[in-house]
Amino acid sequence: MNKIRVLVVDDSPFSQKIMAGTLDQTSFEVCGFAENGWDAVAKYKFLGPDVVTMDMNLPDMDGISCSREIISIDPAAKIVMVSAMRDENLLARGYSAGVQAFLQKPVKSSELLDTLRKICECSQQSQDWLNQYLTHFVSALKLNMLQMARVESRVTTAVDDQPKFTAHGIAVIIGITGKQSGRMILTISTGTARKFTQMILGSETVDEEDVLNSIAEFANIIGGHSVSAINNQFRGAELRLTPPGIMSGNTIDLINPRLNSFNVHIETEIGTMTMNIGFAGGNSLGC
Amino acid sequence: MDVKLINPFVDAIATVMPQLGFQSINRGKLAVKEQYVSSQGVTVLIGMTNQVRGNIAYNMSEETARSIASVMMMGMPVEKMDEMAQSAISELVNMVTANAAINFEKQGMNVDISPPSLALGADFKVKVSSTKYLALELLVDSNAIELNIGLGQ
């Protein structure tokens, strides 16, 4: 069986030695050591390790910034923070950056090995998740388009690889929390939104407020149906939605905060809309 | 909206900003507002759920965002709102909101926060709440950041 390759990021020769000793004679092997943040980024690219152990205090940056750099190259990177410090603020920042686990020095070897094993086993489940979640959003969208606005829709999906997502008109933003954190954006032009609202409300006279509220509620229902289906399929996902935030204007440039995102484009007889849906590649689901 | 939902943010700013190298943090105006926040150039929207639900829009001019990003990057000059500066501002919002979440927890309210969404431009407006929201101005080394807090329990 191939060994699981570990990149150890730590500037202390003592810690490096302890880590190498712990992983010796196990199913893991140290494929490289990095002594500072930029060295870690370079070695991550070059060595492509299966998992990284990361010290918090590096000479050129902190371990969270370094993790962020690595995750920007590989959103599926698996990183375990191994640090003398372990407080709530650090945990919150680390998890939001995509770090999977925190261990406090001195680390017991059994604890380190268990954590590394758990993270590596979870990667398969994470892959299933990335392949699956989009289908739930697409079906919730089509179904509700038909039920609420009574129009058929044609849906195409594509990976969102752009640094920003530009909306013209209305953008409803809903955050997703739980084992996977993410974000959903629904955008629609003001003209189409008006027609759409007229169909939903069955009335010709709708004001700006009606339009914004209808689109926000539509997005909220799609999000609610999608995360419910996901929670049923992936036990322990425990996804929840934040209330919709609504932006409106001619041009809104939304920056992708390093999520694995897809654009879902919807064409209907009353016009088009686009849904952008993405999750952080970091925390493995249900693990 | 209950004013007691503001304090976790005020405390979070007072804790986080000095760690990032800012010298003086002062509270500016506090106002109850309705409807829309007009973007001053850089707006970061972040959602909360669980026992406190809603949205917070951090709003500032591009100039302020650049000068804050510069301090966060150890005084490196920031000429434009590039990827590095965007990342710094998103991280700031994330840190302040995560810290506020911890402060809510200390009061016995569990909250989860969403990833931040950073929006650029001054040609749009944001609705954080279906009812009223609180606009809190903070002066960080004389740069004004407006926190528009639309939360409920």
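Reminder, nothing fancy here: chain letters follow the sequence lines and each chain counts from 1. Every value quoted in this text rests on a predicted model; they were computed, and no experiment measured them.
Looking at Ile246(A) and Val126(B), their side chains never come closer than 4.5 Å, going by heavy atoms from C-beta outward. Between Met247(A) and Lys125(B) the shortest side-chain heavy-atom distance does not fall below 4.5 Å. With a 4.5 Å cut-off on side-chain heavy atoms, Asn89(A) and Asn99(B) count as touching.
When heavy atoms are compared at a cutoff of 4.5 Å, Ile46(B) does not approach chain A at all. Only the backbone of Ile176(A) comes within less than 4.5 Å of a heavy atom of chain B; no side-chain atom from C-beta onward does. Interface remark: Leu120(B) contributes backbone and side-chain atoms alike to the contact with chain A (heavy atom separation under 4.5 Å). With a 4.5 angstrom heavy-atom cutoff, Pro244(A) touches chain B only via backbone atoms. Heavy atoms of Glu105(B) lying under 4.5 Å from chain A are absent altogether. Heavy atoms closer than 4.5 Å to chain B are found in the side chain of Leu212(A), but not in its backbone.
Of the N and O atoms on the side chains of Ser117(B) and Arg183(A), at least one donor lies less than 3.5 Å from an acceptor on the other residue. When only modelled atom types and interatomic distance are considered, Asn94(B) and Ser96(A) share a side-chain donor-acceptor pair under 3.5 Å.
Between the CD1 atom in Ile255(A) and the CG atom in Leu118(B) there is a gap of 5.5 Å [rounded to 0.5 Å]. How far CG of Asn250(A) is from CZ of Phe124(B): 11.5 Å, rounded to the nearest 0.5 Å.
The two atoms that bring Leu254(A) and Ala119(B) nearest to each other are CD2-CB, 3.9 Å, heavy atoms only. The shortest heavy-atom contact between Thr242(A) and Ser114(B) is CG2-CB, 3.9 Å. Nearest heavy-atom pair across Ala92(A) and Ala98(B) is CB-CB, 3.8 Å.
With salt bridges taken as basic N to acidic carboxylate O contacts below 4.0 Å, none links Lys127(B) and Glu208(A). One finds no salt bridge joining Lys164(A) and Glu83(B) here, because no Lys/Arg side-chain nitrogen approaches an Asp/Glu carboxylate oxygen to under 4.0 Å.
Within 6.0 Å of CD on Glu63(B) lie no more than 12 heavy atoms contributed by other residues, nucleotides or ligands.
Checked by atom type and distance alone, the side chain of Arg53(B) pairs as donor or acceptor with a backbone atom of Leu241(A) at under 3.5 Å. Using modelled atom types, one side-chain atom of Asn55(B) and one backbone atom of Pro243(A) make a donor-acceptor pair closer than 3.5 Å.
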